Amino acid sequence: MLNKKQIRYCLDTMKKMFPEAKGELNHSNPFELVIAVLLSAQCTDALVNRVTEDLFKKYKTPEDYLSVSLEELQQDIRSIGLYRTKAKNIRKLCQVLLDDYNGEVPRTKAELMKLAGVGRKTANVVASIAFNEPAIAVDTHVERVSKRLGICRWKDSVTEVEETLMIKVPREEWSETHHRMIFFGRYHCKARNPNCPECPLLDLCREGKKRMKRAEEN
DNA sequence: AACTCGGGGCA
DNA sequence: TGCCCAGAGTT
């Protein structure tokens with residue numbers, strides 16, 4: 001298991017590799033952030049951005065999403081996977097925002113997770129990025145990278161990965177940590193063919209060393 | 001823990 | 001063509 005100093009080195013290195021790693025879902029508007037992250041489930045961020053560019057011009061408020069038919073909203077997000085379910089969830093979510101939250105987006109993880117279509121990851125992203133609440137969003141990239149490097153254990157659940165990161169990463173870096181690890185995971189430490197031979201973190205990477213050794217034997 | 005939803009991107 | 005993708009909900 002990596003210690004705090006080693007983890008800091010990892011995060012600094014990731015920043016050097018992807019200095020532009022800002023996170024494309026970094027909307028200043030909490031409501032738009034909820035919608036964007038909800039839509040992003042199981043599809044690429046580039047696709048979501050393409051759709052939300054037009055979507056957010058047409059729909060500004062929860063009322064706007066409820067003012068059209070379900071079919072019309074589905075058409076507007078048709079190019080995104082799971083669009084039927086997501087359109088239904090957006091309508092449910094907007095209705096709850098109006099009924100229970102005066103049209104505003106709630107700030108805490110617990111409240112966010114009660115919204116339709118908002119699970120652990122979306123709730124964490126919105127709470128941490130939009131409201132700077134204490135949370136680290138662990139998606140598949142963050143989980144994979146954490147486990148390969150040895151920041152956490154292989155068998156850890158998503159909750160355990162989350163807890164470990166919150167303990168070992170300074171509070172003020174939680175939000176940025178999310179984006180750095182996602183870029184690192186998406187473009188370098190990929191699920192299928194991680195670029196271990198050219199990885200600057202190979203020396204301290206548990207999984208990387210294992211893979212290099214295995215490749216050498218073949 | 002395992003399954004389903006699902007169109008687009010990429011090899 | 002076949003496989004995967006910045007997940008959530010249900011069983």
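Reminder, nothing fancy here: chain letters follow the sequence lines and each chain counts from 1. Small disclaimer: the values here were computed from a predicted structure and weren't measured.
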* Considering just the side-chain nitrogens and oxygens of A:Arg120, establish if one lies under 4.0 Å of OP1 or OP2 belonging to C:dG7. => no
* **A:Arg8 side-chain N/O to A:Asn3 backbone N/O, donor-acceptor pair under 3.5 Å** => no
* Taking only side-chain nitrogens and oxygens of A:Thr85, does any of them come within less than 4.0 Å of OP1 or OP2 of B:dG6? -> yes
* Give the minimum heavy-atom separation between A:Gly208 and A:Cys196, together with the two atoms involved. => CA-SG, 4.0 Å
* Using a 4.0 Å heavy-atom cut-off across all strands, classify A:Ala137 as base, sugar-phosphate, or nothing. => nothing
* Asked: Rounding to a whole Å, what distance do you find between A:Ile77:CD1 and B:dG7:P?
  -> 12 Å
* Rounded off to whole Å, could you give me the CG-to-P distance for the A:Leu82 and B:dG9 pair? => 15 Å
* Tell me what A:Gly119 touches on the nucleic acid: a base, only sugar-phosphate, or nothing, going by heavy atoms under 4.0 Å. => sugar-phosphate
* **Side-chain N,O (A:Ser40) to OP1/OP2 (C:dG7) below 4.0 Å** => no
* Where the side chain of A:Arg50 is defined as all heavy atoms beyond and including C-beta, which of C:dC5, B:dG9, C:dA8 is the nearest nucleotide? -> B:dG9
* Nucleotide C:dC5, atom P - distance to CG of A:Asp139 in whole Å -> 11 Å
* To do: Using whole Å, report how far CG of A:Leu38 lies from C1' of C:dA6.
  => 13 Å
* Structure fact -> In whole angstroms, the gap separating P of B:dT4 from NZ of A:Lys86 amounts to 18 Å
* To do: Find the distance A:Tyr83:OH to C:dC5:C1' and express it as a whole number of Å.
  => 18 Å
* Residues A:Ser69 and A:Glu72: side-chain donor-acceptor under 3.5 angstrom -> no
* To do: Starting at atom CG of A:Asn193, determine the distance to atom P of B:dC10, rounded to an integer number of angstrom.
  => 16 Å
* Ion pair present between A:Glu207 and A:Arg211, side-chain N to carboxylate O less than 4.0 angstrom? -> yes
* Donor-acceptor under 3.5 Å (A:His141 side chain, A:Met181 main chain) -> no
* What nucleic acid atoms does A:Val118 come within less than 4.0 Å of, heavy atoms only: base, sugar-phosphate, or nothing? -> sugar-phosphate
* For the side chain of A:Gln42, starting at C-beta, report the closest nucleotide among C:dA6, B:dG9, C:dC5. => C:dC5
* Asked: Using atom P of each nucleotide, how far apart are C:dA6 and B:dA11 to the nearest Å?
  -> 14 Å
* To do: Quickly work out the A:Asn89 CG to C:dG7 P distance and round it to whole Å.
  => 15 Å
* Asked: In this structure, are over 12 heavy atoms from other groups packed under 6.0 Å from A:Glu104 atom CD?
  -> no
* Presence of A:Thr140 side-chain N/O under 4.0 Å of C:dG7 phosphate oxygens OP1/OP2 -> yes
* Looking at B:dG7, C:dG7, C:dA6, which one has an atom nearest to any side-chain atom of A:Cys43? -> B:dG7
* Asked: From the list B:dC5, B:dG8, C:dC5, which nucleotide is the closest neighbour of the side chain of A:Ala191?
  -> C:dC5
* Can you tell me, in whole Å, how much space there is between the P of B:dG6 and that of C:dT11? => 16 Å
* To do: Please tell me which of the listed nucleotides, B:dG6, B:dG9, C:dC5, lies nearest to the side chain of A:Arg84?
  => B:dG6
